[in-house]
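The figures here come from the full heavy-atom set of this structure, side chains too, leaving out hydrogens, waters and symmetry mates. Numbering of residues begins at 1 and proceeds along the displayed sequence.
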Amino acid sequence: MPDPRTAPVESLQRFKGVDFPRDIRFRQILVTGPPGAGKTTMIRHLGGWSEEGYLDISRKHWWRSELLSFRPREIHLGLPMLGLPKAMSVYDPEFLDCDPLPSVDLARITLPPRQRFFLSVDWYRRYVFEFLLPPPELVFQRRTERARHSTHPVDARLSLEICTAQMEVFRQVAEYLHQKGFYVYSREGIESAPRCFIDPPGVTVDVTPKRRRFTFSSALARLKAISARLGFGVGHHLRLRDAYRLGDTKVRVSREGRPIEITLGLEEKHLRIYPETRMNERGEVVTLDSFIIIDPATHLHQLGGFLRLTPKNWLVLGSDDPVQQAIFDYPSAVGVHHLAVIYGRDGLVFRNLSDAGTTIAPIVNEAKVVRSNKLRRLRPFSKRRNERAAITLVADEAKALRMNRLRRLREIFGGPIELLPNDQALNLINQVNRLMQHEVYRAPDDRGMPGGLLTLPPSLTPIVVADMHAQIDNLLTVLTQNAFLEALEDGSAALVVLGDAVHCEEDGQLRVMKSSMLLMDLIFRLKMRFPEQVFYVRGNHDSFSEELAKEGVPQGLLWARELSEVRGAVYQKAMGEFYRRLPYVVVSPHFVACHAAAPKIKVSTKMLVNIYQHPEVVRELINNRLQRPNRPQGYSRRDVKRFRKSLELDPATPFIVGHTPIDREDTLWLNVDGIGNHHVLFSANPRQVGVFTRVGETMVPLTYPVDALTRIVNAMKDEAPGLAPTLPRVVAR
């Protein structure tokens with residue numbers, strides 16, 4: 001029965017087949033409710049993000065949480081309870097152990113400030129809370145059914161009384177947030193119409209923002225700040241046809257897709273800005289909205305990096321940034337903060353910040369420097385053709401290099417990228433297992449087997465990816481970018497996969513296992529071709545465990561069954577043997593990495609080598625996540641610090657993990673949870689793939705747009721014997 005304190009929303013709109021109030025936007029929606037209410041079903045139907053959404057609304061500034069940056073989103077509320085000191089979820093043991101079950105302490109819910117300025121954020125209207133509140137009897141029935149399959153730990157303790165108490169807690173919170181001015185509505189399920197709250201007589205909803213008095217000067221200051229960020233109305237509007245020496249005034253260059261050369265100082269350092277491109281499934285070069293800033297002396301032909309400039313964002317070029325210093329090798333003449341580049345709405349904005357000066361110029365055969373502040377008119381049309389030719393030349397060179405690398409990968413794989421015949425697949429995995437018996441850079445444990453610690457020498461440049469989850473094109477994209485494949489060929493680099501290459505996580509693909517087999521075939525081929533350059537670190541999905549499940553899909557069991565049915569029980573057993581021979585931690589003087597988490601206990605190098613004796617450490621390395629109020633057993637800043645110290649690494653050594661993506665939009669996240677040099681990498685995003693590599697002595701994060709390379713490789717014809725393409729030798733920096 002509907003709550004009598006609510007009424008149906010009269011004016012509706014439809015988002016992806018679901019009714020919503022007409023006066024909300026799709027990107028405002030936050031879905032919450034007690035366990036079993038249908039949150040995941042709803043958010044998956046909408047195409048939103050349903051992972052790791054714990055939000056403690058008793059904490060200060062919860063409304064600024066990073067997890068709210070992507071919406072629609074499922075969130076699990078952490079709530080203050082009467083008689084209990086800390087906030088918790090309604091499925092935490094502290095809540096369930098109380099008799100009677102506690103009520104929510106509404107007074108301890110933290111509220112955001114009211115909008116006090118004309119242009120400040122109105123937090124009460126930024127989010128729309130949808131509470132899923134089905135009848136407790138229906139929730140109890142659902143959870144009882146799924147408890148038989150042990151897919152959700154929250155169902156371990158279950159009764160109708162518990163479901164009723166949990167539902168009442170969320171109903172009270174929903175009504176309270178409505179009374180405080182948030183946009184809140186409820187429904188029983190995805191098929192039900194949304195309902196709004198009815199205010200009882202005498203109760204006034206607090207929705208009037210207490211703004212500060214509007215003044216023209218304060219509004220003008222904020223408008224100037226916004227316009228400066230977007231590149232509006234600043235300095236000269238320059239039609240760049242000649243080299244131009246920047247003065248003290250900002251210069252805006254129209255966004256015409258032309259490459260620009262930047263000279264920092266007086267010929268001390270040359271950089272270039274190009275429109276970023278990608279290849280479509282037909283091998284055609286497609287221009288993206290973003291720009292990349294590269295060093296023309298090193299780009300394409302040696303291991304290095306680049307900077308990306310996206311719309312409505314900016315970069316400050318200068319030697320103060322260690323990543324920039326590593327990528328561009330700035331000379332001493334380049335200032336700490338030398339040049340600001342803003343990607344505005346209608347062009348690129350340049351602002352010189354250094355006494356050494358900066359020159360910008362179109363990339364043409366010869367450019368005459370204009371040293372006066374007077375802007376020259378357009379050059380002849382022939383020069384514009386030269387500018388377009390400069391773009392085409394670079395794009396053609398980049399495409400030619402990538403096509404050459406794709407041919408080499410086709411050769412390594414032995415033909416088209418498709419599942420190997422069963423006999424070849426079995427022979428391949430047996431070869432890999434024999435190789436793993438004496439894998440390099442791994443000290444033996446006391447059984448004589450390769451230990452759980454992989455120690456890379458400082459001479460090897462790491463190429464680190466994590467959690468590829470059956471995304472074939474993501475791996476191909478990495479191997480054909482930068483000079484990664486050339487570095488593998490000449491033995492100067494090592495590809496490190498931080499586990500979880502299997503089990504696709506795209507919507508509707510959780511039960512599909514063929515792509516996982518295909519990616520493992522490719523990894524095994526790479527391992528045999530580069531036995532001392534390709535390494536796989538174990539993750540939690542590298543298992544046949546019945547506990548390995550996602551959204552009720554037992555992926556571990558399905559993986560074992562599919563391998564056995566498609567390739568036979570002997571192959572499935574060989575895959576299990578491969579998992580048992582994997583390392584768990586990789587370390588070098590420049591970084592340390594594992595699949596999931598730093599151990600909660602003190603470890604030593606000896607323990608990691610003999611890790612088979614410490615199953616509790618194994619579980620943490622491949623399963624644990626960051627500490628949260630609902631996950632007190634998670635790892636923290638202190639554990640990361642202790643882990644580095646136990647491996648005798650510098651306190652600033654980057655610690656890289658996968659396992660826990662922060663949102664669905666990105667592929668890598670830096671200094672996560674405010675922990676310095678603690679980075680999360682998730683290389684299964686179908687739109688962009690993240691990778692860490694080393695340039696000089698610095699670990700550099702890079703992202704690349706994912707290209708549909710499988711189709712391109714499979715459309716190629718095999719080269720005649722003896723005519724295999726050659727790759728340029730990588731130049732070490």
Side-chain angles (χ1 to χ4, degrees), residues 26-27 29-30 43-44 46-55 64-75 276 278 288-293 305-315 321 323-324 327 343 463-471 473-478 481-482 496-501 503-507 509 539 550 591 593 595-597 625-626 628 654-693 699-707:
F26 183 67
R27 296 300 179 190
I29 300 172
L30 299 173
I43 210 68
R44 287 289 185 183
L46 297 176
W49 181 242
S50 60
E51 298 291 335
E52 295 301 314
Y54 179 82
L55 186 69
R64 297 178 181 172
S65 172
E66 289 183 0
L67 69 88
L68 298 180
S69 61
F70 182 79
R71 303 180 295 274
R73 155 147 226 160
E74 172 187 353
I75 56 174
E276 188 171 19
R278 57 169 298 179
L288 305 179
D289 288 337
S290 52
F291 287 86
I292 59 171
I293 302 178
F306 59 90
L307 301 180
R308 178 179 285 108
L309 186 60
T310 55
K312 301 181 182 179
N313 257 302
W314 65 87
L315 293 169
D321 184 349
V323 171
Q324 286 190 43
I327 293 174
Y343 190 167
I463 307 164
V464 184
V465 294
D467 296 73
M468 305 208 82
H469 287 297
Q471 297 293 338
D473 285 331
N474 290 40
L475 180 58
L476 297 180
T477 295
V478 170
Q481 290 284 7
N482 214 314
V496 180
V497 182
L498 297 181
D500 285 13
H503 301 159
C504 182
E505 296 203 335
E506 291 191 63
D507 294 344
Q509 302 292 311
K550 188 175 183 66
F591 79 105
H595 174 67
R625 301 181 191 268
L626 277 164
R628 292 287 184 267
F655 174 50
I656 303 170
V657 296
H659 190 55
T660 310
I662 307 303
D663 56 57
R664 287 188 106 177
E665 290 294 288
D666 293 317
T667 181
L668 57 83
W669 301 265
L670 306 178
N671 303 311
V672 175
D673 251 30
I675 305 174
N677 289 302
H678 163 246
H679 313 311
V680 175
L681 178 63
F682 185 77
S683 303
N685 189 317
R687 297 174 300 277
Q688 57 179 336
V689 57
V691 58
F692 274 90
T693 191
M699 292 296 291
V700 173
L702 299 170
T703 62
Y704 298 98
V706 175
D707 300 320

Any residue meeting ring-ring contact (aromatic ring centres under 6.0 Å, His included) with Phe591, in chain and number order, not counting sequence neighbours = none

How would you list, by chain and number, every residue that makes a salt bridge (Lys or Arg N to Asp or Glu O under 4.0 Å) with Glu276, sequence neighbours excluded?
-> Arg308

Just how far is it from atom CG of Asn677 to atom CZ of Phe655, taken to the nearest 0.5 Å?
-> 12.0 Å

Under 3.5 Å: donor-acceptor pair, side chain of Asn685, backbone of Arg687 = yes

What are the two closest non-hydrogen atoms of Ala684 and Asp467, and how far apart are they?
-> CB-O, 3.0 Å

Please tell me if the side chains of Leu68 and Ile75 come closer than 4.5 Å, counting only heavy atoms from C-beta onward.
-> yes

Between Val478 and Val465, the two heavy atoms sitting closest are CG2-CG1, 4.1 Å

Does Leu309 have any side-chain contact (heavy atoms from CB on, under 4.5 Å) partners at least two apart in sequence or in another chain, and if so, which?
-> Phe291, Leu315, Val341, Tyr343, Leu348

Once you round to the nearest 0.5 Å, how far does CD1 of Ile463 lie from CD of Gln481?
-> 12.0 Å

Gly305 to Leu702 - nearest heavy-atom pair and separation = CA-CD2, 3.9 Å

Test side chain to side chain contact (heavy atoms under 4.5 Å, CB included) on Phe692 and Val496 and set out the steps.
-> CA-CA 10 Å; Phe692 274 90; Val496 180; over 6 Å; no

Minimal heavy-atom distance between His659 and Arg625, with the atoms involved, is O-NH1, 3.0 Å

For Arg278, check salt bridge (Lys or Arg N to Asp or Glu O under 4.0 Å) against everything at least two apart and list the hits.
-> Asp707

State, to 0.1 Å, how close Phe306 and Thr703 come at their nearest heavy-atom pair, and which atoms those are.
-> CZ-O, 3.4 Å

Is a donor on one side and an acceptor on the other found under 3.5 Å between the side chain of Ser683 and the backbone of Ala466?
-> yes

Taking atom CG of Leu681 and atom CG of Asp666, what is their separation to the nearest 0.5 Å?
-> 12.0 Å

Backbone of Glu665 reached by a side-chain donor or acceptor of Gln688 within 3.5 Å | yes

Without swapping roles, check the side chain of Asp673 against the backbone of Ile675 for a donor-acceptor pair under 3.5 Å.
-> no

Is the side chain of Arg27 donor-acceptor paired with the backbone N or O of Arg71 at a distance under 3.5 Å, no angle test?
-> yes

Please say which of His469, Met468, Gln509 ends up in a side-chain contact (heavy atoms from CB on, under 4.5 Å) with Cys504.
-> Gln509

Kindly compute the distance separating CG (Leu288) from OG1 (Thr310), expressed to the nearest 0.5 Å.
-> 12.0 Å

Hey, mind stepping through Asp500 and His595 against side-chain hydrogen bond (donor to acceptor under 3.5 Å, both in side chains) and telling me if it holds?
-> CA-CA 8 Å; Asp500 285 13; His595 174 67; 3.1 Å; yes

Nearest 0.5 Å, what's the NE2-CG distance between His679 and Asn671?
-> 5.5 Å

Search all heavy atoms of Leu55 against all heavy atoms of Ser65 and return the closest pair with its distance.
-> CD1-CB, 3.9 Å

Under the side-chain contact (heavy atoms from CB on, under 4.5 Å) rule, collect the residues that match up with Ala501, sequence neighbours excluded.
-> Leu519, Met520, Ile523, Tyr536

Quick one: ring-ring contact (aromatic ring centres under 6.0 Å, His included) partners of His503, sequence neighbours excluded?
-> His541, Trp559

Between CG of Leu626 and CD1 of Ile662, what distance do you get to the nearest 0.5 Å?
-> 6.5 Å

